[in-house]
Participant: 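The structure follows.
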Amino acid sequence: MKSANDAAPSPPWEDNPVSIKYWVKRFIQANQSRFENKVVIDTPAGSGITAQILQKAGATVHAYDLFPEYFKAQGMVCERANIMEGLPAPDDFADFLICQEGIEHLSDQYRALKEFNRVLKPGGSLIITTPNYSNLMARMSYFLFEAEYLFKKMPPNEIDSVWMNDDGTDEIYLGHYFLLGIQRLRGLAKLSGFRLKQIVFTHVNTTSLVIFPFAYPFVRLAGWLTYRQYLRRFRRNKNYPPGSRRSLLPEGESVYRELMKLNTDWRILLDKNLFVEFEKETDLKSAKSAWRSQHKSFDIIP
């Protein structure tokens, strides 16, 4: 007869706050009532760890991955799907879509976000986790060598950054070729009909913490000066129709203020991961009609 001590050991990530899986599990458990009896898309589903956690929380899970043969969740099915070619789900299908550590592998992130918008119901939530390319360590690493980690990795290349190449399906899974920070992620999501709902803070990056006292005053000052300068330019911009500038001013101020706050948020500057929840606030057609452009034509110089 087995004793309690003979129980299967916990996975190494389960009690390890350095792992993003630890934080995703905590988030799902803390928000179980939100996931219960809801339709959730998990893509890329990987080995199926998150899909199992979602199922235990009472969600109906649809798992998709470019390489479903690596999916190990017992009693669950993972369908082969290439996000770039579209998910095998109808419009307005899911209440949640979780893209965990996947968007940094996608060459066309705007196309992916538009596809996420298509399959989510109005008001549905898009949850994205990705390495934090906005923390101070990542910014310093890019400044010094355009690499993800200071002294630990080379820049993306054809030796280290091709993670899987399946000759059977002609599919290639690239590594961290397409890392993005909070500003670009927020901007592409906005263009795709999403609004930023919340940022979940996870684990402090030690190198970023060491850099922080020296770098933060400069980041803060640069953010404020850029915001003020760009706001003055926006007010004087004659490319907008004269009658529309006054009505656009509050919107412009709001957008620029949000960007400045994101750039100077000490938690983003220190966090190891980006863990962001977006809400689908409009469909793609309506999102496009809400865009504002000051560029009505291109001046081509021969």
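Because the structure is a prediction, the values reported are computed rather than measured.
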Participant: Flag the pair Asp95 and Lys121 as a salt bridge only when some basic side-chain nitrogen lies within less than 4.0 angstrom of an acidic carboxylate oxygen.
Facilitator: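 Salt bridge: yes.
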Participant: Identify the two heavy atoms, one from Ala147 and one from Lys153, that lie closest to each other, and give their separation to 0.1 Å.
Facilitator: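 Heavy atoms of Ala147 and Lys153 come nearest at CB-O, 3.2 Å.
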Participant: Looking at every heavy atom in both Thr202 and Phe275, which two are closest together, and how far apart are they?
Facilitator: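 That closest heavy-atom pairing would be CG2-CD1, 4.0 Å.
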Participant: List the residues meeting salt bridge (Lys or Arg N to Asp or Glu O under 4.0 Å) with Asp271, not counting sequence neighbours, and say none if there are none.
Facilitator: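 Once residues adjacent in sequence are excluded, Asp271 has no partner under the salt bridge (Lys or Arg N to Asp or Glu O under 4.0 Å) criterion.
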Participant: Please tell me whether His203 and Tyr22 form a close aromatic pair, meaning their ring centres lie under 6.0 Å apart.
Facilitator: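 No; Tyr22 has its ring centre 6.0 Å or more from that of His203.
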Participant: Quick check: closest heavy atoms across Ala81 and Pro88, and the distance to 0.1 Å?
Facilitator: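 Smallest heavy-atom distance, with atoms named: CB-CD, 3.7 Å.
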Participant: Among Phe116, Phe278, Phe35, which residue satisfies the ring pair (Phe, Tyr, Trp, His ring centres under 6.0 Å) criterion with Phe96?
Facilitator: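 Only one option passes, and that is Phe35.
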Participant: With the side chain counted from C-beta on, respond yes when Arg186 and Leu262 share a heavy-atom pair under 4.5 Å apart, and no when they do not.
Facilitator: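 A side-chain contact under 4.5 Å exists here.
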Participant: Going by the ring pair (Phe, Tyr, Trp, His ring centres under 6.0 Å) test, name the single residue among Tyr230, Tyr227, Trp224 that passes it with Tyr256.
Facilitator: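 Running ring pair (Phe, Tyr, Trp, His ring centres under 6.0 Å) over Tyr230, Tyr227, Trp224 with Tyr256 returns exactly one hit, Tyr230.
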Participant: Kindly write out the residues that satisfy side chain to side chain contact (heavy atoms under 4.5 Å, CB included) with Arg220, not counting sequence neighbours, or none if the list is empty.
Facilitator: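 Applying side chain to side chain contact (heavy atoms under 4.5 Å, CB included) to Arg220 gives Tyr216, Thr264.
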Participant: State whether the number of non-hydrogen atoms from other residues, nucleotides or ligands found under 6.0 Å of Lys261 atom NZ is greater than 12.
Facilitator: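 Not more than 12 within 6.0 Å, no.
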Participant: Who pairs with Glu79 by salt bridge (Lys or Arg N to Asp or Glu O under 4.0 Å), at least two apart in sequence or on another chain?
Facilitator: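 None.
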Participant: Strictly distance-based, threshold 3.5 Å: is any side-chain N or O of Ser286 a donor or acceptor partner for the main-chain N or O of Asp283?
Facilitator: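 Not at all, since once roles are kept as given, no pair shorter than 3.5 Å links the two residues.
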